[in-house]
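Chain identifiers are assigned alphabetically (A, B, ...) following the order of the sequence lines, protein sequences preceding nucleic acid strands; residue numbering begins at 1 within each chain. Here the structure is a predicted model, which means the values were calculated and not measured.
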Number of protein chains: 2
Amino acid sequence: MTETTKPRRAQILDSASRLFSERGYHATSMRDLAGDLGMQGGSLYAHISGKEELLIEIVNVASRQFDEALFTLRDVQLPADEKLREAMHRHIRVVADNMDSATVFFHEWKHLSPEAYARVTGWRDSIDAFYRELITRGISEGTFRADLDPRMTAYLVLSAVNWAYTWYRPGGPLTPGDVADSFADMLLGGLRSEIGSTA
Amino acid sequence: MTETTKPRRAQILDSASRLFSERGYHATSMRDLAGDLGMQGGSLYAHISGKEELLIEIVNVASRQFDEALFTLRDVQLPADEKLREAMHRHIRVVADNMDSATVFFHEWKHLSPEAYARVTGWRDSIDAFYRELITRGISEGTFRADLDPRMTAYLVLSAVNWAYTWYRPGGPLTPGDVADSFADMLLGGLRSEIGSTA
DNA sequence: CCTACCGATCGGTAGG
DNA sequence: CCTACCGATCGGTAGG
């Protein structure tokens, strides 16, 4: 009974993710969305309760993906540098595998109602905390430089993995793993050569 | 004669930058904007030709600031690592000093008409090229590691300086220069300590 | 800069 | 899932 409506709902969410990411939430009308699915505007409401439900669900699915990717890594026993590399792999993979909903997630969450908004803010904080704790442990282990500021370091890592939503193109020459390894190599080892440092 | 209308236009642009960055372009109505300035909706059209003119001007001002900050650095004679640090200083300063219009710039440019859209795309490409050339020169100078991919390196630097629009808070404990130095230190020198490298 | 208004479009609903 | 419709609001204009 719910098995026939579920795929239709999934189709609606896919279309909504794409249109919201391309045009923005407010610039996408319910008639745009219905047209993309070959139906009339009013027909959507047989499957969903309203426009905001779509935004909430897209954002929730995206944040759940980040959650699952990173928090299963929390208690894994690995040196901090390897763990950071693995976290970046997973983080970029979520972005790359969900370009549309990730874009919606990063751009449209401020249009959520207060409760849903607070949930997203909480998620963001917990991701920040995950990276800060990883850095802090790496410093006390001696893997990372002792003079790092965990907060700034976490911002730098998050910049790299999150900003990928603006430029990464799935199906292009780079896999998400290529990107993660390249960024991790540069972040861990630094850009400067051994010989030529001047500052 | 134009001297009395110019400040009013500037006020409208400031309000529009703030409202567009907080609520988004399409979610901000002209009546919201007028109300923020203590006037009626229709009165705005004595000063501007339409809503999109505001978006175009905000985005143009922002991109001009990035242009001026970076392209005056192009022909400065400096080792690549110092030049990269200086570019990051300037780039982050533009973001930090224009949080509202930078946010509009990053989020709302896709709502521009085709011509204005193409201009922004062109600007983005030229900023990318600026950083890629800087990296390439640094590699051939011997300042940067020979195994760097200039394209990926430029993406990493741009991630760091652009993503600041999401978390930086002017008036907080960190100056734009603090952020730039912290990021530049980490990027140039790497996160790993000398002793504890495992990978 | 205001009042009053325009046509268009919005999200959503009723009834089938 | 469609047709037909609702009140509300949109960007913008006319005339003053």
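- Checking the phosphate oxygens (OP1, OP2) of D:dC1, a side-chain nitrogen or oxygen of A:R8 falls inside 4.0 Å.
- The phosphate of D:dC10 has OP1 or OP2 within less than 4.0 Å of a side-chain N or O from B:S29.
- The A:K51 side chain lies nearest to C:dG11 when the options are D:dC10, C:dC1, C:dG11.
- A salt bridge links B:E53 and B:R9; the closest N-O separation between the charged side-chain nitrogens and carboxylate oxygens is under 4.0 Å.
- The CG atom of A:L54 sits 13 Å away from the C1' atom of C:dG12 (whole-angstrom rounding).
- With respect to the salt-bridge test (charged N to carboxylate O, under 4.0 angstrom), the residues A:E68 and A:R64 do not qualify.
- Residue A:Y45 places none of its side-chain N or O atoms closer than 4.0 Å to OP1 or OP2 of C:dT13.
- Place B:Q40 and A:S43 on DNA chain C by their nearest nucleotides, and B:Q40 ends up nearer the 5' end.
- Distances from the side chain of A:M39 to the nucleotides D:dC2, C:dC1, D:dG12 place D:dC2 closest.
- Following rounding to the nearest Å, B:Q11 (CD) and C:dC1 (C1') show an atom-to-atom distance of 14 Å.
- Rounded to an integer number of Å, the gap from A:R31 CZ to D:dC6 P is 14 Å.
- A donor-acceptor contact closer than 3.5 angstrom is absent between the side chains of B:S17 and B:D100.
- A:G41 comes within contact range of no nucleotide atom at all, as no heavy-atom separation falls under 4.0 Å.
- Comparing B:H26 and A:A46 by the nucleotide of DNA chain D that holds the closest heavy atom to each, the one mapping nearer the 5' end is A:A46.
- C:dC10 atom C1' lies 14 Å from atom CG of A:L44, rounded to whole Å.
- Atoms CE (B:M30) and C1' (C:dT3) sit 18 Å apart, rounded to a whole Å.
- Using the Watson-Crick or G-U wobble rule with both distances under 3.5 Å, D:dT3 pairs with C:dA14.
- No chain of hydrophobic side-chain contacts below 4.5 Å, direct or via other Ile, Leu, Val, Met, Phe, Trp or Tyr residues, connects B:L54 to B:V61.
- Rounding to whole angstrom units, CZ of residue A:R23 and P of C:dC10 are separated by 11 Å.
- A:I48 places its CD1 atom 10 Å from the C1' atom of C:dG11, with the value rounded to the nearest Å.
- Between B:E86 and B:R90 a salt bridge is recorded (basic side-chain N to carboxylate O distance below 4.0 Å).
- The nearest whole Å value for the distance from the CG atom in A:L19 to the P atom in C:dC10 is 13 Å.
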